[in-house]
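Note on naming: letters A, B, ... go to the chains in the order of the sequence lines (proteins, then strands), and numbering restarts at 1 for each one.
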Amino acid sequence: MSVTVRLPDGKATEVSGAQSAFETIAQVDPALAKASLVARMDSRLVDLSTVPREGSTIEPVTNGDPEALEVYRHSSAHLLAAAVLELFPGAKLGIGPALMNDPKGGFFYDFKRDEPFTPEDLASIEERMRALVKKNLPYRRIEMGKAEALERFSQDELKCHLIGEKGDAVASFYTLGDHFIDFCRGPHIPSAGRIRAFKLLSVAGAYWLGDEKGPPMQRIYGQSFFTREEMEDWLKQREEAEKRDHRRLGRELDLFSIQDEYGAGLVFWHPKGGLIRRAIEDFTRDELERRGYGLVFTPHIAQHSLWVKSGHANFYSDAMYAPMAIDEIEYQLKPMNCPFHIGIFAARQHSYRDLPIRLAELGTVYRYERSGVMHGLMRVRGFTQDDAHHFCTPEQARAEVLGCLEFALHVYRTFGFQYTVELSVRDPKNPAKYLGDDAMWSMAEENLALALEELALPYQRMEGEAAFYGPKIDIKVVDAIGRAWQLGTVQFDFNLPERFRIEYIGEDNRPHRPIMIHRALFGSLERFFGILVEHFAGAFPLWLAPVQVSVLPITEKQNDYAQRVREQLSGSRLRAEADLRGEKIGAKIRHAQLQKVPFMLVCGAREAESDTVAVRERHRGDLGAMRVDEFAARARSLVEARSLELNL
RNA sequence: GCCGGUGUAGCUCAGUUGGCAGAGCGACUGACUUGUAAUCAGUAGGUCAGGGGUUCAACUCCCUUCACCGGCUCCA
C-alpha cells in the first residue's frame, strides 16, 4: 500500500506499509508524528489511528493548525463526560461539541440526570478529569452498522434519536476509559494526556435539541487551551469583559437604571446617560437631514386593526402586548414603526417625481420578551429604534441601498467600530417560503449585491437566510475587544406595500407599487448605548462624555477661580463640573478618574494668578499648564470633529 | 416560559446549630488648606426583595410571588 505524506513545508513523500496515519507520518518525521493531534487524509480530518487508504494523502495536524483547537476542545468535552459518568453513573449523555470564539467557553456537554449538578460537583468533576489526564486514557473509535448501533443503544432514547437522524450506514462511537461511550463523528486526539490546560466554568440548564418541549438537560461549560498561558490570557480577557459590563458601568457612572418595582426590561435614562443619548440622536438627526430623510413622529398606540392589516397580529403576536379597549375599540401598543410610516406615505397621492421618499423616526416600540431573556440594555421590553423606510421605484433601489450602506459605515466609523457584512438571500430549495414574485426577488438581491460591490465591501452570502418578505443586508460591528454585535440592517419588504396597497403614479400615468426598503443603523438606541458603554469601557470620547471637563481646585482658596473657569467652559459649550469638596487634590483626581472624565483641570494658586489651568488627560496624565480660553477652543474642536482621541 | 443560582445600608459583601442587624466604600457634618488615583474624626442610613406559614422567638426553616445572574442545538 502506498500513501503520500505532505508536511507543512509542502514537501511530499511516498510511504508504504504503514498501518495508521500516525505511522505514516512517523516514517517521514517521527517528532512531527508525536506532535500531531490528528491527521488530515485527503483534506478530511481523521484520527491518527486511522488506517490510510491506498493512494491517499496524509498531512499531520498539530497545535499550530487552526483546526486543531476545535478537535482538542471536542476531546476535552469527552474528557468531561467520561469524568461525569465515573462520578455519576446514572447520567445520560446529550451532545458535547466544541465552541470556538464563544465567551461562554470552549466546549460543553449536556447531561440528563434527575439531581442537579452543584458548583461543588464541578470541582470534583474537574479533579476526576485531571486524574484521567494523568492516566493518559486513549480515545478509541468504534464503528458499527446503524442497525447494530440502534440495537446496542436501545435503552438510550436520546442517542437513538441522534443515531437515527445523523448516522450513515456506519455509525461511529468513541470511548474514553471504562464508562464512557458516545455516538460521535470524531475525530479525536490520541489520548487524554495531551490535554494540558482546561477548566470547568459553569453549569446551566438547556433543552434537548434546544426544544422547549423536549427533556431538560444540564449543561456543563468548560474551556481548554493548548497551554496554561493561553488559558490564563483567556480568563484575564474574560475579567476585562466583566469590567466593561454595561450594567455595572451604568450604575457606577450613573447612566441608567432598570427598576424592578416599575417593570422588568424598561429603561430609565439618567441625566448622564441622557446626555450621551442626545449626543447620539443629534448626530443622527443631522445626518438624516443631510441625507434627504424626512423626520417624522408617530403615535405609540394605534387601532389593533392596523396590525391585523399589516399582518403582525398574525405572525408577530407573541411579541406584542395585549390590546387595550378604548371606547370599545381595541388599541395596540406598537411593536414596530413600519405601518405608521406607510400611513404617512399613503396619506396623500404620490407621483413618481416624489420618489424616493425617505421617512425616518426615532420610534419607541414595546415588545414582549419572555421573563428569562432580558439582559441589561441589550434585551429589553421598551426601546427606541432609529427606524427609516425608503419608498422608491425599482430603478432607484440600488442608489437607495447604496445610500443606506454609506450612511451606516459613516456612523460606525465615527464610533470607532470595525464591521462585517452579510447578504441574506432566498433559499432556492424552498421557494414556497417566500412572498412576492421571482423577478422582484432577483431585482432586490441583485441590487443589494451590486451596492456592496460598488462600495468594495467584502461580504458573506447567506443562502436561505432572507426573511419571508424580502432579502437583506446585515452589518455586524466589532467592538474594541473583538466582540461582534449585529447592528445595522437594510431590508427589502415586499409584504407591507402589498398589504397596504400603497401606490405612486408613474410616468405612464398608471399606479405602481413602490419598493419599500427598511433600514436601521443602531437597531435599538438602548442596545446600541449598552454596546457603546462596553466598547469604550465607559471612557467615552469627548463629544459623548456626559462630563467633559472636571475643574479641580487644589484648596478651597481656589474655589472661586474654579467656579469662574467652569462658567467660562460652559460658555464655550463644554460640559464642565467643579469639584469643590474639602478633599485633597489626589482624592479629587481619583474621583474624576473613576468617573472617566476626559479632562481634569487642576487649579492651584499659580494657575489662578495667570488665568491658566494644569490640564490632566484621563489616560495620559498631566499635560502641563494651558490658558483657559486656549483649552476651551481646543476641546471644542475635538468635540466638533467627534474625535475618538483626546489629543488637544 | 424552562433549568440552576442569587436577593441583608446607595455600592461591595459578612452574619455560627433559629436568640439584640455588621464592616469597608459612598453620603452628610466638622476639622485640616493640601500640587496630580483615597486626610482625619464624627453622624445618619435597614419592613434582611414582597406576601404567607412553622415557632416562645425567623435574616436564618417551609410555601409562594417578584426581580436579578448564568444558560436554553456555531449539529452525533
Side-chain angles (χ1 to χ4, degrees), chain A residues 70 74 77-78 93-105 107-108 110-113 115-119 121-122 149 153 158-168 171-174 182-186 201-221 245 247-248 251-252 254 257-265 318 368-376 552-559 581-595 600-607 614-618 620-625:
Chain A
E70 194 161 352
H74 189 195
H78 277 219
L93 299 175
I95 59 169
L99 303 171
M100 303 304 285
N101 301 319
D102 191 315
K104 295 190 287 286
F107 60 87
F108 67 77
D110 283 348
F111 303 92
K112 189 161 176 283
R113 178 170 173 258
E115 291 290 300
F117 291 114
T118 65
D121 290 339
L122 282 197
F153 287 84
L158 305 181
K159 285 295 137 183
C160 282
H161 176 88
L162 292 178
I163 296 165
E165 191 172 78
K166 315 272 185 183
D168 302 326
S172 60
F173 292 81
Y174 279 81
D182 199 9
F183 178 50
C184 177
R185 186 175 47 186
L201 301 166
S202 62
V203 52
Y207 294 100
W208 173 241
L209 302 177
D211 178 3
E212 295 177 18
K213 288 173 212 97
M217 308 288 289
Q218 295 184 60
R219 173 169 300 179
I220 297 178
Y221 279 96
D245 191 315
R247 293 166 297 186
R248 172 198 181 118
R251 186 177 54 242
E252 287 174 0
D254 199 16
S257 60
I258 295 171
Q259 304 180 28
D260 56 9
E261 62 267 46
Y262 299 131
D318 282 356
Y368 172 72
E369 295 282 359
R370 295 193 299 172
S371 63
V373 303
M374 257 98 68
H375 180 87
L552 311 179
I554 295 216
T555 78
E556 282 171 12
K557 286 177 190 139
Q558 287 87 43
N559 276 6
R581 297 174 306 162
E583 289 288 352
K584 285 172 67 170
I585 190 65
K588 293 181 184 178
I589 286 172
R590 181 180 147 83
H591 179 76
Q593 201 74 52
L594 290 174
Q595 287 295 305
M600 287 154 251
L601 303 184
V602 176
C603 342
R606 287 202 297 273
E607 288 78 13
V615 180
R616 182 189 164 95
E617 192 251 291
R618 183 166 62 192
R620 282 178 298 163
D622 194 354
L623 302 179

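In this structure, D110(A) places its CG atom 11 Å from P of C74(B), rounding to the nearest Å. If you take CD of Q218(A) and C1' of C2(B), they are 13 Å apart, rounded to a whole angstrom. If you measure from atom CD1 of I220(A) to atom C1' of G5(B), you get 15 Å, rounded to the nearest angstrom. To the nearest angstrom, P of C69(B) lies 16 Å from CZ of R370(A). Across the protein-nucleic acid pair, R606(A) atom CZ and U34(B) atom P stand 13 Å apart, rounded to whole Å. Regarding Y262(A), its OH atom lies at a distance of 15 Å from the P atom of C68(B), rounded to whole Å. The nearest whole Å value for the distance from the NZ atom in K213(A) to the P atom in C72(B) is 18 Å. Separating the CZ atom of R620(A) from the P atom of A37(B) is a distance of 16 Å, rounded to the nearest angstrom.
Taking the side chain as every heavy atom from C-beta outward, F108(A) and I220(A) never approach each other to under 4.5 Å. The shortest distance between side-chain heavy atoms of Y174(A) and H78(A) falls below 4.5 Å. Looking at H74(A) and P97(A), their side chains never come closer than 4.5 Å, going by heavy atoms from C-beta outward. Counting only heavy atoms from C-beta outward, the side chains of H591(A) and R581(A) approach each other to under 4.5 Å. Side-chain contact check for Q218(A) versus K112(A): every heavy-atom pair is 4.5 Å or farther apart. A heavy-atom distance below 4.5 Å is not found between the side chains of D318(A) and Y368(A). Counting heavy atoms from C-beta outward, L209(A) and H161(A) have side chains that approach closer than 4.5 Å.
C72(B) and G15(B) have their P atoms separated by 32 Å, with the value rounded to a whole Å. The same atom, P, is picked in C25(B) and in A21(B); the two are 24 Å apart, to the nearest Å. C13(B) and A9(B) have their P atoms separated by 11 Å, given to the nearest Å. Taking atom C1' in both C69(B) and A27(B), one finds a spacing of 28 Å when rounded to whole Å. Spacing between U29(B) and U36(B) at atom C1', rounded to whole Å, works out to 27 Å. Spacing of P atoms, A58(B) relative to U54(B), comes out at 11 Å, to the nearest Å. Comparing A41(B) with G5(B), their P atoms sit 43 Å apart, to the nearest whole Å. Separation of the P atoms belonging to U8(B) and C61(B) is 15 Å when rounded to the nearest angstrom.
The distance from atom CD1 of I258(A) to atom CE of M374(A), rounded to the nearest 0.5 Å, is 8.5 Å.
Taking the side chain of K104(A) as heavy atoms from C-beta on, and the options C72(B), A37(B), U73(B), the nearest nucleotide is C72(B). When distances run from any side-chain atom of A204(A) to the nucleotides C72(B), G71(B), U73(B), the shortest one goes to G71(B). Minimum atom distance to the side chain of V602(A) is reached by U36(B), of the listed G70(B), C72(B), U36(B). Taking the side chain of I585(A) as heavy atoms from C-beta on, and the options U34(B), G70(B), U33(B), the nearest nucleotide is U34(B). Comparing atom distances between the P116(A) side chain and each of G70(B), G4(B), C72(B) picks out G4(B) as nearest. Checked against G70(B), C72(B), A27(B), the side chain of R581(A) finds its nearest nucleotide in A27(B).
Counting distance only, with no hydrogens placed and no angle test, the side-chain atoms of D102(A) and the base atoms of C74(B) include a donor-acceptor pair under 3.5 Å. With hydrogens and angles ignored, no donor-acceptor pair closer than 3.5 Å exists between the side chain of E261(A) and the base of G50(B).
Evaluation of the side-chain hydrogen bond (donor to acceptor under 3.5 Å, both in side chains) rule for N559(A) yields no partner, not counting sequence neighbours. Annotation: side chain to side chain contact (heavy atoms under 4.5 Å, CB included) contacts of E212(A) (sequence neighbours excluded): Y207(A), R370(A).
At the heavy-atom level, H375(A) lies under 4.0 Å from the strands shown only through sugar-phosphate atoms. I258(A) comes within 4.0 angstrom of no nucleic acid atom, judged by non-hydrogen atoms across all strands. Contacts of E607(A) with the nucleic acid, taken as non-hydrogen atoms under 4.0 Å apart, include base atoms. Within the nucleic acid shown, Y221(A) comes within 4.0 Å of sugar-phosphate atoms alone, with no base atom in reach, counting heavy atoms only. R219(A) comes within 4.0 angstrom of the backbone, heavy atoms only, and of no base.
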- Convert the base pairs of RNA chain B into dot-bracket notation, remembering that pairs crossing earlier ones are written with [ ] and that bases paired across to another strand are shown as |; include only Watson-Crick or G-U pairs under 3.5 Å. (((((((..((((.....[..)))).(((((.......))))).....(((((..]....))))))))))))....
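Looking only at distances, no side-chain donor or acceptor of E617(A) sits under 3.5 Å from a matching main-chain atom of L623(A). Remark: the backbone N or O of T555(A) is not paired with any side-chain donor or acceptor of K584(A) at under 3.5 angstrom. Not one N or O on the side chain of Q595(A) forms a donor-acceptor pair closer than 3.5 Å with the backbone of R590(A).
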- Summarise protein proximity over nucleotides 39-49 of chain B in one line of letters, 5' to 3': B for base, S for sugar-phosphate only, - for none, counting protein heavy atoms closer than 4.0 Å. B----------
For nucleotides 12-14 of chain B, give me every protein contact, N/O to N/O, under 3.5 Å, one pair per line with atom names.
residue	atom	partner	partner atom	Å
U12(B)	OP1	R251(A)	NH2	3.0

When you compare the protein's N or O atoms with those of nucleotides 63-67 of chain B, which come within less than 3.5 Å of each other, and at what distance?
residue	atom	partner	partner atom	Å
A67(B)	O2'	D260(A)	OD2	3.1

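Ring centroid separation for the pair F107(A) and Y221(A) does not come in under the 6.0 Å cut-off.
A close approach under 4.0 Å does occur between a side-chain nitrogen or oxygen of R247(A) and OP1 or OP2 of C69(B).
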- Message: Between L552(A) and I589(A), does the side-chain contact (heavy atoms from CB on, under 4.5 Å) criterion hold? Intermediate values first, please.
- Response: CA-CA 8 Å; L552(A) 311 179; I589(A) 286 172; 3.7 Å; yes
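Between A614(A) and V203(A), it is A614(A) whose nearest contact on RNA chain B lies nearer the 5' terminus. Position along RNA chain B of the nearest nucleotide to Y368(A) versus R616(A) favours Y368(A) as the more 5'-ward residue.
Salt-bridge annotation for D110(A) and R219(A): present, with a side-chain N of the basic residue lying under 4.0 Å from a carboxylate O of the acidic one.
Residue-environment remark: CG (N101(A)) stays at or below the threshold of 12 foreign heavy atoms within 6.0 Å.
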